[in-house]
Amino acid sequence: MSEPASGVALEIEDLDVFYGRVHALRGLSIRVREGEIVALLGNNGAGKTTTLASVSGVVPAQSGRIVAFGEDVTKAKPWDIVGRGVIHVPEGRRIFSRLTIHENLQLGGYLVKDEKVVDQRIAEVYDILPRLAERRGQQGGTLSGGEQQMLAVGRALVAGPRLLMLDEPSMGLAPLIVTQIMELVERINRSGTSVLLVEQNARAALRISHRAYVVESGQITLEGPASELAADHRVIDAYLGA
Amino acid sequence: MFWNRKKAPTTAGTARAGVLNRLLGDRRLGWIGFAVALLAPFVSATNYSLSVMTSAALFVMLAVGLNIVVGYCGLLDLGYAAFFAIGAYASGILATTYGWSLLATVPVVLVAAVLAGIIIGGPTLRLRSDYLAIVTLGFGEIIRITANNLDVTGGPSGIYGIPGLDLFGLDLSDPVAFYYAVVVIVALAVVGAARLGRSRMGRAWRFIREDEDAAEAMGIHTYKLKLAAYIAGAVWGGLAGILFGAQLTAISPQSFTFLWSALILMAVVLGGMGSTPGVVLGAIFVSLLPELLRDAADYRFFVFGVLLIVVMIFRPQGLWPSTASERAPDRRPDPAEKEEAWQAQ
Amino acid sequence: MAGAVSVSPGGAPSTPPDGGPRPLLDVQDLHLDFGGIKAVDGLSFSAYDGDILSVIGPNGAGKTSAFNCITGFYKPTGGTVLIDGEDITGARPSAIAGRGVSRTFQNLRLFGELTVLDNVRAGMHLRIKQSALDALLHTPRFRRSEREATEEANRWLDFVGLRGDRGGPARNLPYGEQRRVEIARALARGPKLLLLDEPAAGLNHSEKMELLDLLRRISALGVALVLIEHDMGLVMQVSQRIVVLNFGKQIADGTPEEVRRDPAVLEAYLGKDEDEPQAGDTEVPHE
Amino acid sequence: MSQLLWNGLFVGSFYALVALGYSMVYGIIKLLNFAHGDIYMLGAFAGFGLLTMAGAMATSASFLALFVVLLVAMLATGTSGLILERVAYRPLRGAPRLSVLITAVGASFALEYGMRLVAGPNPQVYPIRLEGTTVHVLGARVTLQQLALVAIAILLMIGLQWLIMGTGTGRAMRAISQDPKASLYMGINVNSVIARTFFIGSALAGAAGVMAGAYYGKIDFLMGFLIGLKAFTAAVIGGIGNIKGAMLGGLVLGMLETFGTAWLGGEWRDVFAFGFLILFLTLRPTGLLGERVTERV
Amino acid sequence: MTPMTGRPRRRSATFASVFAASLVLTGCGGGLLSGDDEAAGSDEPIALGMITPLSGSSAAIGPYMQNGAQLAVDEINADGGIDGRELELVIEDGACDPRTATAAANKLVTEGVEISVGGYCSGATLPTLPIFNKAGVPMIIPAANSTELVDQGLENVFLINGTGTQQAQAAVEFMEKQGATRVAIVDDNTSYSTDIAEQTAELLEGGEGPELVLQESVTAGESDYSANVNAVVQANPDFVYWTGYYQEGGLIIRQLRQAGYTGPIMVADGSVDQQLVEIAGAENAAGVFATMTQTPDTIPGAEDWIASYTEKFGADPGPYSTQAYDAVRVAAEALREAGSTETDEVIAALEAIDGFELFSGPLQFTEDHTLSSGGFLILSVQDGEFQLEDPLE
């Protein structure tokens, strides 16, 4: 029904999602091309997290279509979606605080059959994030907030993501750490992974994104290249401040 | 402005909850229930139906008492029968060995129940809920086994010959009179528990159930209030114990097994924790069902078990859940006015 | 609407008897160890009536731990906390709340299943005068106290500007509204000192602006405010003083201007490159 | 004294086997599976049915036959655990915890009295017996069969420990026990892992049931009730949700009961055991190995 | 209790309608306002009520008693009933739980049973006594045998099982005969079992004979009694008396033997069941003594009875099958003698019975309505079966 999906990591078409009686997403459409960082901006409750959750297969879609890397995944189970390389780093990090850091990373590779691949990817994560390597045997809960966020991203990397979906990675973090996280995201993107970034912190998000969407009440109200949106007075008024 | 400042509504099913609540929260319902209880003997007043109905009423009292602990305060109690036992034994011993009238034993039972509540609640209420569950279970077993082992409690055969209820010379031991006495007392107990639930203390219990730390931060001494819930539950259980002894004329440790505690808890959860009409309904359900299934003989408990599963699957919040909602506050500024309030200063 | 504010009870600050500058909150050399990890390591600061004081610092710097020590949720391993000159170190949270200290939590801690009004009435627990007997017998006193509690709860909800349904469960409100309810609940306690843990977290720009206004109005009631906050725009805008923590240690204490220029703070927290706007900044226009 | 220790150890290892399943299920979905003791009963009856069917063949080569029966019964109880989870618990995922608890009580009733309908109310006598050669170890009378049973129990426990701590499935179980939703994002099929947990826990209980049947000789439809309570207690003593804790808790409870009986007499044994439990939990509220969770306010 | 806070008219309307509805219903049931509709036609069957555990921990016993009673009812009906009226057995589950038993008793009374022939757990039977007493229903209790049942002096209560005291006397007599010197008693904490244990202990302590070295209690329903057994072995007895039921009895015998106890073991009547031998294992059970009233096995010519039981129910008789059988027969005898179902006359007839043959011997009630002679004798397990060891005469 749409153009050939080659070069498109994620295509959401006209998605409707209900929570009970609440119409959380109303015909939302988003596209992430391969190699892009796309930011999804919006207020709390606008439907950003719901969008990610329905891509992940955690929240069922009422109608509409979700296509990941050319395949329809609208009805796919969460593990199928992870298996296709669409990895979701949930809001609030949600690391396993009583498992060790190493185990957390291993869980990232849960669906990867080949243990050698998992070990190799973990080694790569340790290279990028040496703080984690130092503390690999410690429980995840002993990490500071920023380190936990790093671990959450690292854990997603072990899964071998083709599309990484990050939900509010900057939440509750100090400005310095936010900068580091954003740098990490850029770095991951440069290595070829597409990124869908959900952020409240519009300024930080727009700085690293190629394109962005603004979600309000479950609908896309604005979209365009990040630089254009950053200059749009409507975005400035609502999300960036004067 | 093109973006909407108002949030997407996230109030799932409030309209439905509102209607239900208006229907259920109505006090008339209580009166109807009371009237039904009063009129039931006019439909059937055989010894059997009276005995079953009296038992059901007592069970209601127990469930309402446990509801204070579990439903309001969120403390899982798997040994509630212990308080029931303490009431029954205290009054039974005084009535048989020392010849007291049951009415005279009430103060003693109250004291005993309060003491028991403090003794078991005191050291253990700091525990997390699952641990509390096993501790209360253990306490229930300790009480039962102790009653089984001591001479003063009559050992395994228990105490018999407990006199009927006698209120200031008015003999209430006839099944019909006793039934009415029980219905009135139980109705008072239900109303009392419901009123406690709606008071400052009842709210504090709910705060503790929802979030203990936040409650503590509001100046609520969570430990004292938990203990209060425990004691209130113990008092309800203890008083029900007196009536239990009066009804059966004999009590034995067999009446206070874990199964009993589980059944009372079941009534609370099945009905809807924290909801008075729900718990009353649940108690009647749990109490009557095995009797109604009596003719199913061998299949009785099997059917009972399957029914429990089915009911919980289809109504996991209980048959008649409590809903958080109250009538719209009388004075509410209109939105425009509020908007101004924000701009002010 | 300002009228509703002025009749709100409990907000009136108590002045020290001698009229001198005795601090309302005085934290002296606070220490907290978690199995060898020094969560708070020698923290000292004080806050006065009507102050707005912010505690900032990187994640894990011990800000929330310090809050928990002050409000009694953790027992400090060393140091003292004085409220109005009285030592409350290690007292129960409820006892400290009884001394006029109120707080919010980092992650919303509303009583989600209960109504919004009930949530606010929780704050009034210590001030509602009724006994269990009153409740059992529904005495006039009971009814009066219930009515008054409801009225006052409504006033506080007006004060924080709650728009949503007050009779429904708190969890049904949108996030920003829930934040308001939590503040209303804390205010209903009638505090002299209000500790807010990341009140702006998860709020969008316009909501932050409203919060800023609310904080100032609370301060105008004479309540001392202590905030933990990451949003530097908001912090710089609203605070009279800022305390900066890193690894449990206090690395700076001063006015926003002083802190902004402090090299130790830049190093540990804000980041050095100053030409770029800081991530997370709300960019409230200064002055 | 050493006799008491051995008795405690022996009883305790049964408790531990049953407690493991309790603890696993609790650990992963925070459900007090009251029907777990009845799975033990089911295991005993499954073994009984198999042995009766096998008839003479079984009695001739009793230990080997028993081993085969043990495996088949474990498979059977594991499957019934799966069914129980699917039918009674999964529909209630996300429901209030107490509702699920009531479902578990209902399941317990249904299993007990369902078995009564099938097998009748009378106790059944196991067709084969583990009669033992007695040896004396450090002054304690020990039969070789007891040693074999304890060895099997220990092997099963070690296997379980390895499964939980050393395999991907185990990691997934631990992950789910902390955060089921985040586990979904790892690509873990949460329902299937929970089902596997039920399978394993139930299979262990079934094994304990067969072993009890073969060793003690008598089984009946209510035999799971008391041991279910005991296993629950054991799991709590050890720190519920903790696998090693469950083993330790089982042994501690076994010892408590043995010594309680020796010191105070059988009629006060449970008072002693529960009294100790209450006192112990008051002093150490998270059990022996339960983790002290520093609650973040 | 709730203050009248508005809309009184609506409320009273509700009241009125509910009241009216209930009055309508009253027409078709036994409500307070309906008349006494006891229509006991002379050709209606005479209902005998039996409360026995069909659920709960003693559920195994129920069918044994039910079958025994049914056998007697069928035999009597085959012989033409009582004065042309058939007997009808009404069974209710008492679950060994006082509350369930009370409801059951009330149900039986409501259904108009003339005589009760049930009662197994003493604890659950006690609260049913006043119910039957008030309703004027004579009780012939086949199994429950706690002395407390007759301590209240209710004229409608008769026990046809030997009491704990009688059984204890038989037990001690046999212990002395065996030359026992150190006796350990083990009970299961139920009222039946502790009653016998207490009585035996009293006799031993008061008497010149064997010394009581240990009184131990176990918890019914478990499998492992090694701790209790260990305590017994430690006390070094030369005679062990188990006063509980066969389920645990079998396990305890086995575990005693495994623990190295080689001396004599005796069990009380609740344990006299073929399954005791099976559970204990034939080699362990061999030689175990039992205190028991007479059973079909020990009465010459009772094979027919066993055969007809087995044929009818497809199962062997078990504990209290005979007592339940006898209870029905005693009830029938009293009804026949009284020539009516009037309470007083039936009670008088029961009291007048002299020499009616029961399994336990000729029946005559004592002053307090227990058996004049307990009729206890000693059995022992020979070749895997209980056989008469010593008639104790």
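Order of the sequence lines fixes the chain letters, A, B, ..., with proteins taken first and strands second; residue numbering starts at 1 for each chain.
- Using a distance-only test at 3.5 Å, with no hydrogens or angles considered, a donor-acceptor pair links the side chain of E:D238 to the main chain of E:R182.
- Put simply, of E:N230, E:L214, E:V233, E:V218, the one with the most heavy-atom pairs under 4.5 Å next to chain D is E:N230.
- The shortest side-chain heavy-atom distance between E:V232 and E:Y261 does not fall under the 4.5 Å cut-off.
- Looking at E:A235, there are no atoms closer than 4.5 Å to chain D (heavy atoms on both sides), in backbone or side chain.
- Screening residues 221-241 of chain E for ring pair (Phe, Tyr, Trp, His ring centres under 6.0 Å) gives no qualifying pairs among residues at least two apart or on separate chains.
- Residue E:L251 touches chain D through its side chain alone, counting heavy-atom pairs closer than 4.5 Å.
- With a threshold of 4.5 angstrom between heavy atoms, E:T194 does not approach chain D through any atom at all.
- Chosen from D:P123, D:G217, D:A262, D:G120, the residue pairing most often with chain E at heavy-atom distances under 4.5 Å is D:P123.
- Both the backbone and the side chain of E:N228 come within contact range of chain D, with heavy atoms under 4.5 Å apart.
- Every residue two or more places apart in sequence or in another chain that forms a salt bridge (charged side-chain N to carboxylate O under 4.0 Å, His left out) with D:R269 is listed here: D:E257, E:E222.
- Using a 4.5 Å cut-off between heavy atoms, D:I227 makes no contact with chain E at all.
- The contact between D:Y215 and chain E is made by backbone and side chain atoms together, counting heavy-atom distances below 4.5 Å.
- Contacts of E:T219 with chain D are made by side-chain atoms alone, with heavy-atom separations under 4.5 Å and no backbone atom involved.
- The residue among D:L226, D:T258, D:L4 with the most heavy atom pairs within less than 4.5 Å of chain E is D:L226.
- A donor-acceptor pair is defined here as one N or O able to donate and one able to accept, closer than 3.5 Å; such a pair exists between the side chain of E:T243 and the backbone of E:S193.
- For E:Q255, the part sitting under 4.5 Å from any heavy atom of chain D is the side chain, from C-beta outward, and nothing else.
- Ring centers of D:F109 and D:F225: at least 6.0 Å apart, outside the cut-off.
- Of all residues spanning residues 62-70 of chain E, those with a heavy atom less than 4.5 Å away from chain D's heavy atoms are E:P63, E:Y64, arranged by number.
- Using a 4.5 Å heavy-atom threshold, the side chains of E:S271 and E:W242 count as touching.
- Ring to ring, E:Y309 and E:Y325 are not that close: their centroids are 6.0 angstrom or more apart.
- Side-chain atoms of E:D187 and E:S217, non-hydrogen and from C-beta on, do get closer than 4.5 Å to each other.
- Taking chain E as the reference chain and counting heavy-atom pairs below 4.5 Å, the highest number among D:Y126, D:F259, D:Y216 is found for D:Y216.
- In this structure, D:F272 has its ring center at least 6.0 angstrom away from the ring center of D:W268.
- In this structure a side-chain-to-backbone donor-acceptor pair under 3.5 Å is present from D:D220 to D:M223.
- Here E:Q274 pairs with E:V277, E:E278, E:E385 under the side-chain contact (heavy atoms from CB on, under 4.5 Å) rule; sequence neighbours left out.
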